[in-house]
Amino acid sequence: GPIQGVRIQFPHLEAGDTIVQLSTVTRHGLTLGSNAVNDVYTVDEDSPPSQLSVGLKWTKSENRKMRTSIVRGIPYVTMEYDAKMSPIVVAEVPLVVAPTIDGVSLSPAEYEPGYLGNGTNEAKQYHVKKEISLSFKESDMTWLLFFSRPAIVEFLRDEAAETPKALPPGVVGSSTQAAFGVHVVDDDEPIIIRAALENNCTFGGNALFCEGYKPRGETKLASLLRHHADAYPKNPSLLYNFPLDSDTKEVTDT
């Protein structure tokens, strides 16, 4: 993605008699990461690869790291930050409406984003207790961000990056540039941020996921995501039971 971290995307599935294909639109994902690290990730020795998950980490210094545990089959992507890691979540497409904080939508007058880039930001700061909801125009997707503790955040945007540059016919762009960001200002304490897709047809504008271009509206998925947002699986394992007559054999696979 545009920064060091993990990009989460929702794939479009196409299946036929002889082929199954998953495709994504790169610009429509979210990246959980930090501008404080320049090095690429390494495998987290505390969460080694298994059939179900892999742990990755980015290191700023010996006592300052960010980690993720990518677990198969769960709807969340999670990033764990040590103190002073400048957590940020960025998108490559602009919002369609102002963010919603803890269930309360910001009015246009209340929404005052700063500049997403180098230099001094003059962004308004907001207090978040549990979650932020973000709806994007181009993708028609709504994402939920969950925070492990109350936090102070600022919203950032880069208007120049909101419209992709036109490319010659047949040329596929490979560059990434953030158009929107959520930055945690009070990073003196560790924090865990996780993201999950709530709706991929928010306003009825996504031709791949909207049936008849009709918005899907509120779903039960949002309630499930909120209910389990504070469960952080890490380095899971499998347990197999094989009944053999009166005995039971157990095999653990990690």
Side-chain angles (χ1 to χ4, degrees), residues 1-9 26-41 44 56-61 63-70 76-95 98-102 106 111-136 139 141-162 175-197 229 232:
I3 59 174
Q4 291 290 343
V6 172
R7 177 192 278 160
I8 176 175
Q9 294 177 306
T26 303
R27 283 169 46 85
H28 293 175
L30 284 185
T31 301
L32 285 72
S34 172
N35 289 320
V37 291
N38 296 318
D39 295 335
V40 297
Y41 65 83
D44 188 352
L56 307 175
K57 67 178 181 180
W58 292 257
T59 303
K60 181 180 180 181
S61 64
N63 298 320
R64 296 180 181 177
K65 300 178 177 67
M66 66 178 185
R67 299 177 175 88
T68 184
S69 184
I70 302 175
Y76 307 96
V77 165
T78 307
M79 189 67 77
E80 180 180 355
Y81 300 88
D82 290 342
K84 296 297 183 181
M85 283 301 294
S86 189
I88 188 170
V89 180
V90 300
E92 296 158 66
V93 291
L95 296 179
T100 298
I101 301 177
D102 296 321
L106 297 178
Y111 179 50
E112 301 178 13
Y115 173 65
L116 179 60
N118 297 325
T120 302
N121 292 313
E122 297 181 355
K124 183 177 180 179
Q125 296 182 353
Y126 303 86
H127 291 265
V128 180
K129 293 182 179 179
K130 292 183 178 181
E131 70 174 63
I132 296 176
S133 177
L134 305 171
S135 297
F136 295 93
S139 65
M141 294 181 180
T142 295
W143 298 84
L144 293 177
L145 301 181
F146 298 102
F147 298 80
S148 62
R149 61 166 175 83
I152 300 175
V153 303
E154 59 185 5
F155 301 111
L156 309 171
R157 63 180 296 197
D158 185 351
E159 295 185 40
E162 292 181 354
S175 62
T176 58
Q177 187 174 359
F180 171 81
V182 181
H183 176 231
V184 176
V185 178
D186 59 332
D187 63 348
D188 293 333
E189 299 179 4
I191 191 172
I192 302 174
I193 302 176
R194 64 187 342 186
L197 180 68
Y232 304 106

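Starting from 1, each residue takes its place in the sequence as its number. What you are looking at is a predicted structure, and each value in this text was computed from that prediction instead of being measured.
In this pair, Y76 and F146 present their aromatic rings perpendicular. The plane angle is above 60°, beyond the 30 to 60° band.
Inter-residue side-chain proximity for I88 and Y81 is flagged as unmet; no heavy-atom pair is nearer than 4.5 Å. Between V37 and T59 there is no side-chain heavy-atom pair separated by less than 4.5 Å. Under the 4.5 Å side-chain criterion, counting only non-hydrogen atoms from C-beta, L95 is not in contact with F155.
In this structure E131 satisfies the salt bridge (charged side-chain N to carboxylate O under 4.0 Å, His left out) test together with R226, sequence neighbours excluded. Under the salt bridge (charged side-chain N to carboxylate O under 4.0 Å, His left out) criterion, K124 pairs with no residue, sequence neighbours left out. With sequence neighbours excluded, the residues forming a salt bridge (charged side-chain N to carboxylate O under 4.0 Å, His left out) with R7 are E92, listed by chain and number. Remark: S148 pairs with no residue by the side-chain hydrogen bond (donor to acceptor under 3.5 Å, both in side chains) rule, at least two apart or across chains. Under the side-chain hydrogen bond (donor to acceptor under 3.5 Å, both in side chains) criterion, Q9 pairs with no residue, sequence neighbours left out. For D158, the salt bridge (charged side-chain N to carboxylate O under 4.0 Å, His left out) criterion is met by no residue, not counting sequence neighbours.
At most 12 non-hydrogen atoms from other residues, nucleotides or ligands lie less than 6.0 angstrom from OH of Y41. Few gaps surround NZ on K65; more than 12 heavy atoms of other groups in view lie less than 6.0 Å from it.
We find that D102 and K129 are not joined by a salt bridge, their nearest charged nitrogen and carboxylate oxygen being 4.0 Å or further apart.
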